[in-house]
Q: 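Let me begin by handing over the structure; questions about it come next.
The analysis underlying the following values was restricted to heavy atoms, covering all of them including side chains, and did not include hydrogens, waters or symmetry mates. Ligands are counted one by one from 1 in listed order, and the atoms in each one are counted from 1 as well.
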Amino acid sequence: MAEAGSFADRVKQQADIVRVVGEYVQLKKAGQSFRGLCPFHSEKTASFNVHPMRQIYHCFGCGKGGDVFSFVMEMEKCEFPDAIRVVAEKCGIAIPRPRERSPEERKENQQRAALVEMHREAQTFFVKQIEGTLEGKAARAYLEDRGLDKTAMDRFGIGYAPSGGDLLLRFLRAKYPENLLVESGLVSRDQSGRMFDRFRRRITFPISNESAKIVAFGCRALGDDMPKYLNSPETPIYSKSNVLYHLDRAKEALRRSDFAVLVEGYIDAIAVARAGISNVVASCGTSLAEPQIKLLSRFTRRVTVNYDPDTAGQTATERSISLLLERDFEVRVLALPGKADPDKFIREQGAEAYVKLLKEAPPYVDYLIARARHMDLTSGDGKQRAVNFLLPYVQKIPNRLLRSEWATRIAQQLRLEEPVLRAALSKAAIERRSELKIQPELVGRAAKPVERLLIRMLAGGEGLRKELAQKLQQEQLYDGLETEKIFSALVGANLSGDPVQATEVAAALEERDRRLLFEILFEESSEWTSEEAESCVEALQRRRAERELAEVQRSIEASPAGPELRGLLERKQQLMKRLAAAR
Ligand SMILES: [Zn+2]
């Protein structure tokens, strides 16, 4: 609609969609976008989003979405030319203005940058302590006793916070103002105003955010000091629920294997990573938080939960299962024998034993049924309790067929003859009690993280988009994917040479694809590198090879004539070799 160079295009370029929409809807910043109550349908929780960079809006509830013009057309019930005028007036158009930053925003950015730098220096300090002091030697001995050698210490940046009480403070004081030191959480202040190191006589584990910047520390007491574990508090650069430990190092492996191992703490994550499973992340706390799940879902939607088998761990496991199911994850649960946590188990039984159990980890429903079996199932009351325990999980499964399958399975496994209980289960299988935020049949939830990432790459930013589009098209890497139509529209737009406008690409799509595209464009994204693009392309190449291999296998099984069979077998070998090399 807004042709390049036209007045409409100029208005669109200059209009700030957040400001225009903000005149109709109260918006709050939420990550990279803004959120508010949808003006197009009635709702109590905000699912209407506006993306300032992409200049689009989208409602995850009713699916309405578009650019600043379609928003005004819909709100003012006017035609396109009028919408242009309205937007131009609202924005006092003509003079191009750069996006302004308020002085507060600028100050906050500077402060965050200083805090990140401070954490980097603290990390250097802690590592020096463990490597070069007497106290550090004791810490090293303790770690070695637990099987953590020098290589592991280096790999995970393990350090030591000395017992002195103000050594780090003295190290940092010269460079940073007092208020910033306290703000960082590395330094505490007592009632009299005296400052001291927060972490004393503790082994330090740096906690990095997704972009590998250290934003916090997790610390374990060296002796019997309480608490055993002490972590950084919430700070301007660290929010516990927004960070997954080890994610920065796990990204590639997550994408490659399309599956994650989820453990509780950093010590477990380190043990699992050292066992050769790099796709491990830790929630760093007893339970997984919503934002962490969202973060993880950008890389994979398949996860094996391996929390501690104690009561707290079981509760955390069950809560995490619920949350993951709501986000449409495929969940398995690994409960290690002998009530061991991953670190202990791997130390005692070895990496191989762990990998084996991990591969055999059952789907979450089997885990839950096993838990329910421990309840007294001889009485009607007991059975009722077991069913009540399981019902909420059944209801959380987004797919109706799957729900009904699990209901049958539970009834069989728990030997439920009682018609009342069976009825309760099948009722749960038919309806979902919890309110649905997203209409599943309208959202292409099957789109894999790799596809989603590539789509965001093609839709935004500069750089190597054209090259990427060419590669995807030449090798026909998106043929047969759920997102095929979206890819083909985006690739076409990229190859046309004009700047890519999400709303124009969307206009060429069917409703279902349009919604999926917008949903994907609203996922948080950071700058991407050519290596990341490369690894996504490789993932698609691999997936295509896997598809072809399955086809070849089917043809082989149809027992074709000699020469044809030879050809097929040869092709099979090639594909298997290629797949093996890609692992
Ligand atoms: Zn809506």
Q: Against L517, only a single residue in T483, T503, I455 fulfils side-chain contact (heavy atoms from CB on, under 4.5 Å); can you say which?
A: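 The side-chain contact (heavy atoms from CB on, under 4.5 Å) with L517 is passed solely by I455 among T483, T503, I455.
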Q: Do we see a donor-acceptor contact under 3.5 Å between the side chains of S47 and E43?
A: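 Present: a donor and an acceptor within the cut-off.
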Q: For T317 and Y364, test the side chains for any donor-to-acceptor distance below 3.5 angstrom and give the result as yes or no.
A: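 There is no such pair between these side chains.
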Q: Quick one: do the Q292 and Y245 side chains pair a donor with an acceptor below 3.5 Å?
A: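 No donor-acceptor contact under 3.5 Å links the two side chains.
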Q: Within 45 degrees of the axis of the six-membered ring of F389 and under 6.0 Å from its centre: does R385 put its NZ or CZ there?
A: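 That pair does not qualify as a cation-pi contact.
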Q: Under 30°, 30 to 60°, or over 60°: which ring-plane class applies to F71 and Y57, parallel, tilted or perpendicular?
A: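 Ring orientation of F71 relative to Y57: perpendicular.
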Q: Which protein N, O or S atoms lie under 2.8 Å from the Zn ion (ligand 1)?
A: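 Sorted hits: C38 SG, H41 ND1, C59 SG, C62 SG.
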